[in-house]
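Only one structure is covered here, and it is reproduced in the block below.
In what follows, chains are A, B, ... by sequence order, proteins preceding strands, each numbered from 1. Remember, it's a predicted structure, so these values are computed and weren't measured experimentally.
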There are 2 protein chains.
Amino acid sequence: MQSRTPAGRTGRPRSAAADTAILAATRAALVELGWSKLTLGDVATRAGVAKTTLYRRWAGKNELVVDAVAELFDELRLPDSGTLAGDVEGVVLQFAAILARPEAKSGLMAVVAESTRDEALRERIRASIVERQKRLVVEGRARAQGRGELPPETASEEAARTVDLIFDIVAGAVVHRTLVSAEPADEEWVRGFTQVLLTGLAGAGEEPASPP
Amino acid sequence: MQSRTPAGRTGRPRSAAADTAILAATRAALVELGWSKLTLGDVATRAGVAKTTLYRRWAGKNELVVDAVAELFDELRLPDSGTLAGDVEGVVLQFAAILARPEAKSGLMAVVAESTRDEALRERIRASIVERQKRLVVEGRARAQGRGELPPETASEEAARTVDLIFDIVAGAVVHRTLVSAEPADEEWVRGFTQVLLTGLAGAGEEPASPP
DNA sequence: CCGTTACGCTACGACTCGTAGCGAAAGCTT
DNA sequence: AAGCTTTCGCTACGAGTCGTAGCGTAACGG
């Protein structure tokens with residue numbers, strides 16, 4: 001968040017209700033208009049605030065949409081299924097459910113595209129969206145190592161690289177499936193993906209050990 | 001392409017030189033301005049043509065950028081390294097090299113974002129960019145099956161699903177690494193990725209069988 | 001009650017968009 | 001060589017958006 005009133009501050013405080021109304025209006029506008037046709041004037045009207053209020057709180061369209069989309073990822077939780085495969089499937093299904101929403105599709109990819117030319121924007125995305133997801137990978141990996149499903153820790157630098165690699169594979173696959181292939185990442189797909197991730201391509205032909 | 005002069009047509013033909021100049025100017029504008037600040041008027045000036053000529057050939061910014069970016073993928077070739085791992089690494093490195101270019105980063109993701117609200121645009125992307133990449137997966141997989149590195153074909157519908165899955169994993173990982181994590185998909189990363197893809201997470205700690 | 005800050009509203013110049021209309025140019029056909 | 005057809009470059013235009021400035025009012029804290 002960025003609109004927190006600095007602690008020992010005088011004067012009229014910023015309306016917290018306006019913040020939530022603006023972010024909700026932004027998501028609604030993303031659904032109806034998409035990124036390119038979304039205008040800040042329209043968002044202001046939807047939220048019931050003045051256009052100038054928007055410009056007082058956000059630098060521009062990019063920052064506003066990042067904050068609006070970031071809230072969608074608040075609900076991400078790491079399930080405790082007891083097995084690595086179960087944890088992966090659970091997280092991926094949650095991630096896929098978020099990405100299936102139209103405001104996430106059009107908003108997230110657009111700001112990522114913009115972030116290729118804006119270092120500050122990329123950092124904002126990283127801090128408010130990506131880092132939260134990556135923490136799930138770290139925790140899930142640690143659990144699996146504790147159960148002996150994954151080889152134990154090596155050097156810490158090597159571990160960081162591995163986490164980054166896993167994260168790029170998991171998040172990238174779901175994003176590509178949802179946005180580029182434009183097919184749902186449903187349970188069947190997630191099962192297949194998880195099997196490839198855990199056992200590799202060669203093992204992908206075999207059935208998993210436990211049919212229901 | 002869309003500006004081919006219909007076969008038995010009379011009148012002045014469209015300038016092919018204008019086409020290439022416009023697409024090159026579009027890529028240059030993508031590098032300098034990025035997607036959001038790119039204007040068709042600016043592209044026309046760079047290409048040395050009138051703005052109206054642009055509107056006669058392309059419906060809008062989206063279609064123009066898709067064509068401009070699609071040309072970047074013309075150079076994709078499937079290397080014949082003799083092993084599945086080598087083929088995967090070769091293709092991924094080529095793909096990564098293309099995605100490393102700024103005109104690909106800002107252009108490709110932006111049109112993908114737009115395509116979530118435009119069915120025709122998504123089809124245009126699929127036909128001119130995605131399908132070409134997917135063919136490499138199909139061919140590489142067939143070669144590996146011929147060498148016995150992958151289990152042979154099952155049902156054809158099952159095979160299509162597998163190809164789609166592999167494609168989403170490979171392309172998604174490279175895209176996510178390059179655009180979201182904003183780190184280069186260099187040889188070291190590609191080696192690690194290929195190993196996970198072929199042997200799975202559990203085998204990712206082991207060294208590959210054949211050191212040079 | 002007073003100082004300070006946020007808010008809503010209006011207005012503004014600058015810019016981009018996509019289109020229309022025109023005369024000239026470049027092909028093919030006869 | 002003349003005629004037909006289509007494209008091209010150019011200019012101009014209304015419509016819409018941008019981001020900001022200015023003003024009076026509202027909501028807090030001391």
I'd like to know if the side chain of R117(A) and the backbone of V31(B) have a donor-acceptor N/O pair within less than 3.5 Å.
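It does hold such a pair.
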Counting only N and O atoms by type, is there a donor-acceptor contact under 3.5 Å from the side chain of T199(B) to the main-chain atoms of G200(A)?
no
Would you kindly give the [atom1]-to-[atom2] distance between [X] and [N], to the nearest whole Å?
X: R14(A); N: dC7(C); atom1: CZ; atom2: C1'; result: 11 Å
X: L33(A); N: dG16(D); atom1: CG; atom2: P; result: 15 Å
X: E63(A); N: dG19(D); atom1: CD; atom2: C1'; result: 14 Å
X: L54(A); N: dC9(C); atom1: CG; atom2: P; result: 13 Å
X: W58(A); N: dC18(D); atom1: CH2; atom2: C1'; result: 18 Å
X: R12(A); N: dT5(C); atom1: CZ; atom2: P; result: 14 Å
X: K37(B); N: dC17(C); atom1: NZ; atom2: P; result: 14 Å
X: R57(A); N: dT5(C); atom1: CZ; atom2: C1'; result: 12 Å

Does a side-chain N or O from T53(A) land closer than 4.0 Å to OP1 or OP2 of dG8(C), or not?
yes
Any donor-acceptor pair under 3.5 Å between the side chain of [X] and the base of [N]?
X: T52(B); N: dC8(D); result: no
X: K51(A); N: dG19(D); result: yes
X: R56(A); N: dA6(C); result: no

CZ of R147(A) to OG1 of T83(A), rounded to nearest 0.5 Å, is 6.5 Å
Looking at R135(A), R143(A), R141(A), which hits side chain to side chain donor-acceptor pair (under 3.5 Å) with E139(A)?
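The side chain to side chain donor-acceptor pair (under 3.5 Å) with E139(A) is passed solely by R143(A) among R135(A), R143(A), R141(A).
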Carboxylate-amine/guanidinium contact R57(A) D19(A), below 4.0 Å:
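Between D19(A) and R57(A) there is a salt bridge, with a charged N closer than 4.0 Å to a carboxylate O.
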Starting at the 5' end of DNA chain C and moving along, which residue's nearest nucleotide shows up first, L40(B) or A18(A)?
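By nearest-heavy-atom nucleotide position, the 5'-most residue is A18(A).
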5'-most by nearest nucleotide on DNA chain D - A50(B) or G11(B):
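That would be G11(B).
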